[in-house]
Undergrad: 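Structure provided below as structure tokens; questions to follow.
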Amino acid sequence: MKVVGSAAEAVADVGDGASLAVGGFGLSGVPSVLIHALLERGVGGLSVVSNNCGTNGRGLGELLAAGRIARVTGSYVGENKELARQYLAGEVELELIPQGTLAERLRAGGCGIPAFYTPAGVGTLVAEGGLPWRYGPDGEVAVASPAKEVREFGGVPYVLERAITTDFALVRAARGDAHGNLVFAKSARNFNPLAAMAGRVTIAEVEELCELDPEEVHLPGVFVQRVVALTPEQAADKGIEHRTTTPPEVRS
């Protein structure tokens with residue numbers, strides 16, 4: 001049985017300076033309850049790996065606004081103005097990675113593959129180095145990305161990318177069972193399974209704790225160490241980045 005009683009209990013051993021792979025795609029599938037438990041726990045100096053760093057005040061944006069994140073590895077700044085501000089002010093280190101490369105680096109980490117070659121980024125600063133990771137107080141680049149190995153296969157150049165593993169992973173699933181098997185809903189499946197694979201200790205918050213048919217499992221429980229069942233209210237609390245519907249027309 002991998003079920004723990006609360007989110008606070010599930011993240012109790014996440015300490016200062018820990019590295020975290022965090023699921024989510026925009027605000028879809030973000031483990032917001034576990035993130036909030038970390039905020040209340042008061043840990044800081046965190047290194048997070050996630051497609052994006054939430055939005056202002058939502059998801060990882062909560063930890064960012066509280067100054068708990070020291071380094072972000074992701075593929076999308078999006079509309080998180082606080083992340084942009086902290087990055088340009090030299091308050092946080094930011095490594096931007098092509099989205100497909102980020103996904104494969106997480107998957108490779110979970111599969112025990114130390115590195116792989118990809119054509120993404122060849123001929124750019126991704127391969128050549130020099131991308132600003134951290135700015136100094138004077139606005140100058142204090143830390144830049146290193147150059148990466150480029151090798152040809154069949155006459156085509158490829159850049160070497162290293163796998164990502166982290167101390168912990170936080171993910172959210174639509175359904176899960178007591179053994180840690182998980183099922184994800186729609187775009188929440190984009191990064192949650194990959195983040196879960198990359199963590200040495202993976203913690204999943206599930207909207208519904210239930211029995212699962214083996215044929216419907218998206219991520220096997222071998223990758224998950226702890227499961228937290230959400231309340232109906234927690235499960236229903238899902239943020240929206242941009243509302244794409246308009247209010248109904250009011251007729252007099």
Undergrad: Looking only at non-hydrogen atoms, find the nearest pair between Ala10 and Arg226 and report the distance.
TA: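 Looking at all heavy atoms of both residues, the closest pair is O-NH1, 2.7 Å.
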Undergrad: Which residues satisfy the salt bridge (charged side-chain N to carboxylate O under 4.0 Å, His left out) test with Arg107, sequence neighbours excluded?
TA: Glu104
Undergrad: Glu216: what forms a salt bridge (charged side-chain N to carboxylate O under 4.0 Å, His left out) with it, not counting sequence neighbours?
TA: Arg175
Undergrad: Is Val77 linked to Val30 within one hydrophobic cluster, defined over Ile, Leu, Val, Met, Phe, Trp and Tyr using a side-chain heavy-atom separation of less than 4.5 Å?
TA: yes
Undergrad: So how far is it from Thr73 OG1 to Leu94 CG, rounded to the nearest 0.5 Å?
TA: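 Spacing of OG1 (Thr73) from CG (Leu94) equals 8.0 Å.
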Undergrad: Please determine whether side chain to side chain donor-acceptor pair (under 3.5 Å) holds for the pair Thr55 and Asn80, giving the CA-CA distance in whole Å, both sets of side-chain angles, and the decisive distance to 0.1 Å.
TA: CA-CA 5 Å; Thr55 60; Asn80 192 327; over 6 Å; no
Undergrad: Using modelled atom types only, decide if a donor and an acceptor are shared between the side chain of Arg162 and the backbone of Ala115 within a distance under 3.5 Å.
TA: no
Undergrad: Is there a chain of hydrophobic side chains (I, L, V, M, F, W, Y, each step under 4.5 Å between heavy atoms) that links Val217 to Val227?
TA: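 Looking at the clustering, Val227 is in a separate group from Val217.
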Undergrad: Shortest non-hydrogen contact from Ala8 to Ala37?
TA: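 That closest heavy-atom pairing would be N-CB, 4.1 Å.
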Undergrad: Say you draw a straight line from OG of Ser75 to CZ of Phe25; how long is it, rounded to the nearest 0.5 Å?
TA: 8.0 Å
Undergrad: If you measure from CG on Leu230 to CG on Leu209, what distance do you get to the nearest 0.5 Å?
TA: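 Nearest 0.5 Å value for the CG-CG distance: 10.0 Å.
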Undergrad: Can you tell me how far the CG atom of Asn51 sits from the CD atom of Gln99, to the nearest 0.5 Å?
TA: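 Interatomic distance, Asn51 CG to Gln99 CD, rounded to 0.5 Å: 4.5 Å.
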Undergrad: What distance separates Ser19 OG from Ile164 CD1, expressed to the nearest 0.5 Å?
TA: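 Here the rounded value is 10.0 Å.
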Undergrad: Side-chain donor-acceptor pairs under 3.5 Å in residues 125-140, sequence neighbours left out?
TA:
from: Arg134; atom 1: NH1; to: Gly90; atom 2: O; distance (Å): 2.8
from: Arg134; atom 1: NH2; to: Ala70; atom 2: O; distance (Å): 3.4
from: Asp138; atom 1: OD1; to: Glu140; atom 2: N; distance (Å): 3.0

Undergrad: What is the minimum heavy-atom distance between Gly110 and Phe223, and which atoms define it?
TA: O-CE2, 3.8 Å
Undergrad: State whether a side-chain donor-acceptor pair under 3.5 Å links Glu93 with Tyr87.
TA: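 No donor-acceptor contact under 3.5 Å links the two side chains.
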Undergrad: Run the side chain to side chain contact (heavy atoms under 4.5 Å, CB included) check on Arg105 and Ile97 step by step: do they pass?
TA: CA-CA 10 Å; Arg105 287 180 68 182; Ile97 303 173; 3.1 Å; yes
Undergrad: Taking atom CD as the centre, does Glu152 end up with more than 12 heavy-atom neighbours from other residues, nucleotides or ligands that are less than 6.0 angstrom away?
TA: yes
Undergrad: Any chain of hydrophobic side-chain contacts (each under 4.5 Å) joining Leu38 to Val92?
TA: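 Yes.
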Undergrad: Judged by atom type as modelled, is there a donor-acceptor pair below 3.5 Å linking the side chain of Glu9 to the main-chain atoms of Val4?
TA: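 Here the side-chain-to-backbone pair does not exist.
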Undergrad: Taking the side chain as everything from C-beta on, heavy atoms only, tell me whether Pro157 gets closer than 4.5 Å to Val159.
TA: no
Undergrad: Report yes or no: does Gln86 contribute a side-chain atom to a donor-acceptor pair with the main-chain N or O of Leu64 at less than 3.5 Å?
TA: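 Such a contact is found between Gln86 side chain and Leu64 backbone.
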Undergrad: Looking at Thr118 and Glu161, what are the two nearest heavy atoms and their distance?
TA: CG2-CG, 3.7 Å
Undergrad: With respect to Leu20, which candidate in Val49, Leu46, Val11, Thr166 satisfies the side chain to side chain contact (heavy atoms under 4.5 Å, CB included) definition?
TA: Leu46
Undergrad: Report the residues that fulfil salt bridge (charged side-chain N to carboxylate O under 4.0 Å, His left out) with Lys81, sequence neighbours left out, ordered by chain and then residue number.
TA: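 For Lys81 there are no salt bridge (charged side-chain N to carboxylate O under 4.0 Å, His left out) partners, ignoring immediate neighbours.
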Undergrad: Checking the side chain of Asp167 only, and the main-chain atoms of Arg200 only, is there a donor and an acceptor separated by less than 3.5 Å?
TA: no
Undergrad: When rounded to the nearest 0.5 angstrom, what distance separates CG in Leu34 from NE2 in His36?
TA: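 It comes to 11.5 Å.
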Undergrad: Between Leu83 and Cys53, what is the shortest heavy-atom contact and its length?
TA: CD2-CB, 3.8 Å
Undergrad: So, for Ala163 and Gly109, which heavy atoms are closest and what is the spacing to 0.1 Å?
TA: CB-N, 3.6 Å
Undergrad: Between Glu62, Arg172, Gln234, Arg58, which is the residue that forms a side chain to side chain contact (heavy atoms under 4.5 Å, CB included) with Ser32?
TA: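 Considering Glu62, Arg172, Gln234, Arg58, a side chain to side chain contact (heavy atoms under 4.5 Å, CB included) with Ser32 is found only for Arg172.
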Undergrad: Indicate if Met1 and Leu212 have the same hydrophobic cluster label, given that clusters are the connected sets of ILVMFWY residues with side-chain heavy-atom separations under 4.5 angstrom.
TA: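 As far as the 4.5 Å side-chain criterion goes, Leu212 and Met1 are not connected within one cluster.
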Undergrad: Which pairs would a plain distance check flag for residues 180-191, meaning a side-chain donor or acceptor within less than 3.5 Å of a matching protein atom at least two apart in sequence or in another chain?
TA:
from: Asn181; atom 1: OD1; to: Gly221; atom 2: N; distance (Å): 2.7
from: Asn181; atom 1: ND2; to: Asp177; atom 2: OD1; distance (Å): 3.4
from: Asn181; atom 1: ND2; to: Asp177; atom 2: OD2; distance (Å): 3.0
from: Ser187; atom 1: OG; to: Ser28; atom 2: OG; distance (Å): 3.1
from: Arg189; atom 1: NH1; to: His218; atom 2: NE2; distance (Å): 3.3

Undergrad: Taking the side chain as everything from C-beta on, heavy atoms only, tell me whether Leu219 gets closer than 4.5 Å to Val224.
TA: yes
Undergrad: Do NZ/NE/NH1/NH2 and the carboxylate oxygens of Asp16 and Arg68 come within less than 4.0 Å?
TA: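 Looking at Asp16 and Arg68, the cut-off is not met.
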Undergrad: Are Val150 and Leu160 grouped together when hydrophobic residues (ILVMFWY) are joined by side-chain heavy atoms under 4.5 angstrom apart?
TA: no
Undergrad: Would you indicate whether the side-chain heavy atoms of Val22 and Pro31 approach each other to under 4.5 Å?
TA: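 Counting from C-beta outward, Pro31 and Val22 do come under 4.5 Å.
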Undergrad: Return the set of residues passing side chain to side chain donor-acceptor pair (under 3.5 Å) with Arg85 (not counting sequence neighbours), or none when no residue passes.
TA: Glu82, Glu91
